[in-house]
Amino acid sequence: MRTISASSVTSADMAALDSMIDRLPAGSELRGAIESVAETVQSGRDLVIASEADLVSPAAAAKLVGVSRTHLYKLMDAGELPFVNVGRDRRVSLGDLKVFRDRQDRLRKQVAERFAHAGRTRAAARRSVTMRGRAQA
């Protein structure tokens with residue numbers, strides 16, 4: 001994992017970065033990533049570059065997925081989030097965090113869709129009951 005301070009990037013570096021972006025094909029994933037780097041630095045924010053294999057502490061992992069550190073330990077203990085032991089400490093790979101976060105996002109979407117469809121199903125059932133009542137009258 002590497003942090004690049006936005007203040008350390010020179011205008012010559014930015015010009016070279018812009019030139020590189022222009023040489024990459026439009027729609028390329030790499031071009032999108034480099035554009036994101038340029039936008040982040042130009043906005044004055046520091047940039048952290050990491051790979052999926054990089055390991056983070058439980059406190060950092062909890063912050064990245066938006067849960068408490070205690071809850072993250074419960075997820076690890078339950079086997080829902082893989083970890084490795086480094087001495088007495090635990091570490092979580094960024095790749096495993098991404099898989100976990102994607103899975104949580106899918107589950108939230110499924111629950112939201114179920115609730116959305118439940119409302120339509122209830123409304124359809126009410127209409128059906130109403131229509132039957134009118135037909136019998």
Side-chain angles (χ1 to χ4, degrees):
M1 195 172 327
R2 181 175 178 179
T3 301
I4 299 172
S5 172
S7 62
S8 70
V9 178
T10 66
S11 57
D13 290 339
M14 287 307 298
L17 194 57
D18 289 339
S19 174
M20 182 187 304
I21 290 169
D22 291 340
R23 288 192 308 261
L24 290 168
S28 156
E29 259 189 75
L30 186 56
R31 180 180 179 145
I34 294 174
E35 286 172 339
S36 180
V37 166
E39 289 169 13
T40 299
V41 172
Q42 285 172 340
S43 70
R45 295 185 315 242
D46 292 346
L47 180 69
V48 177
I49 300 173
S51 77
E52 289 188 345
D54 286 338
L55 300 174
V56 295
S57 69
K63 189 173 183 180
L64 288 169
V65 295
V67 299
S68 71
R69 191 173 57 90
T70 302
H71 186 67
L72 190 96
Y73 275 107
K74 289 177 184 177
L75 292 169
M76 289 189 293
D77 291 341
E80 293 184 43
L81 182 62
F83 63 92
V84 295
N85 286 313
V86 178
R88 296 178 332 151
D89 300 323
R90 297 183 195 186
R91 294 291 182 260
V92 180
S93 78
L94 291 175
D96 287 335
L97 279 178
K98 181 183 180 311
V99 168
F100 175 80
R101 191 179 63 221
D102 291 347
R103 185 175 62 234
Q104 293 303 105
D105 288 346
R106 276 194 312 277
L107 289 173
R108 275 193 285 276
K109 184 177 178 183
Q110 288 172 354
V111 168
E113 287 174 354
R114 216 173 297 139
F115 276 112
H117 294 305
R120 282 186 249 152
T121 303
R122 259 192 305 271
R126 275 191 236 119
R127 281 193 303 275
S128 175
V129 169
T130 303
M131 296 302 261
R132 277 192 223 142
R134 288 182 186 160
Q136 291 175 355

**Asked** Would you call Lys109-Asp105 a salt bridge at under 4.0 Å N-O?
**Response** no

**Item:** Leu97 CG to Gln104 CD distance, which is reported to the nearest 0.5 Å
**Value:** 11.5 Å

**Item:** Spacing of Leu24 atom CG and Glu35 atom CD [to the nearest 0.5 Å]
**Value:** 8.5 Å

**Message:** Test your reading of the model: is there a side-chain donor-acceptor pair from Arg101 to the backbone of Gly66, 3.5 Å cut-off?
**Reply:** no

**Prompt:** Given Val111 and Arg108, is the side chain to side chain contact (heavy atoms under 4.5 Å, CB included) satisfied, shown in steps?
**Reply:** CA-CA 5 Å; Val111 168; Arg108 275 193 285 276; 5.8 Å; no

**Request:** Looking only at non-hydrogen atoms, find the nearest pair between Ala61 and Leu72 and report the distance.
**Result:** CB-CD2, 3.8 Å

**Asked** From His71 NE2 over to Leu81 CG, what is the distance, rounded to the nearest 0.5 angstrom?
**Response** 10.0 Å

**Message:** Assigning hydrophobic clusters by single linkage (Ile, Leu, Val, Met, Phe, Trp, Tyr; side-chain heavy-atom cutoff under 4.5 Å), is Leu30 placed with Val41?
**Reply:** yes

**Request:** Please say whether more than 12 non-hydrogen atoms of neighbouring residues, nucleotides or ligands are located less than 6.0 Å from CZ in Arg103.
**Result:** yes

**Asked** Are a donor atom and an acceptor atom from the side chains of Ser19 and Asp22 found within less than 3.5 Å of each other?
**Response** no

**Nearest-0.5 Å distance that lies between atom CZ in Phe83 and atom CG in Leu75** = 11.5 Å

**Request:** Examine Leu94 and Tyr73 and state if one hydrophobic cluster contains both, with Ile, Leu, Val, Met, Phe, Trp and Tyr joined whenever side-chain heavy atoms are less than 4.5 Å apart.
**Result:** yes

**Side chain proximity check, Lys63 to Val56, heavy atoms < 4.5 angstrom** = no

**Asked** With hydrophobic residues grouped by side-chain heavy-atom distances under 4.5 Å, do Val48 and Ile34 end up in a single group?
**Response** no

**Prompt:** Given Asp18 and Gln42, is the side chain to side chain contact (heavy atoms under 4.5 Å, CB included) satisfied, shown in steps?
**Reply:** CA-CA 11 Å; Asp18 289 339; Gln42 285 172 340; 4.2 Å; yes

**Complete:** One should read off an interatomic distance between Ser8 OG and Asp46 CG, to the nearest 0.5 angstrom, of 8.0 Å

**Prompt:** Do you know the tightest heavy-atom contact between Pro58 and Arg90?
**Reply:** CD-O, 3.2 Å

**Prompt:** Are the side chain of Ser36 and the backbone N or O of Gly32 linked by a donor-acceptor pair below 3.5 Å?
**Reply:** no

**Message:** Checking Ser68 against Thr70: is there a side-chain donor and acceptor pair closer than 3.5 Å?
**Reply:** no

**Request:** Taking all non-hydrogen atoms of both residues into account, name the closest pair between Val92 and Pro82 and its distance.
**Result:** CG1-O, 3.8 Å

**Fill in**
Looking only at heavy atoms, the pair that brings Met14 and Ala38 closest together is CE-O, 3.8 Å

**Prompt:** Is Leu55 reachable from Val99 through a run of I, L, V, M, F, W or Y residues, each pair having side-chain heavy atoms under 4.5 Å apart?
**Reply:** no

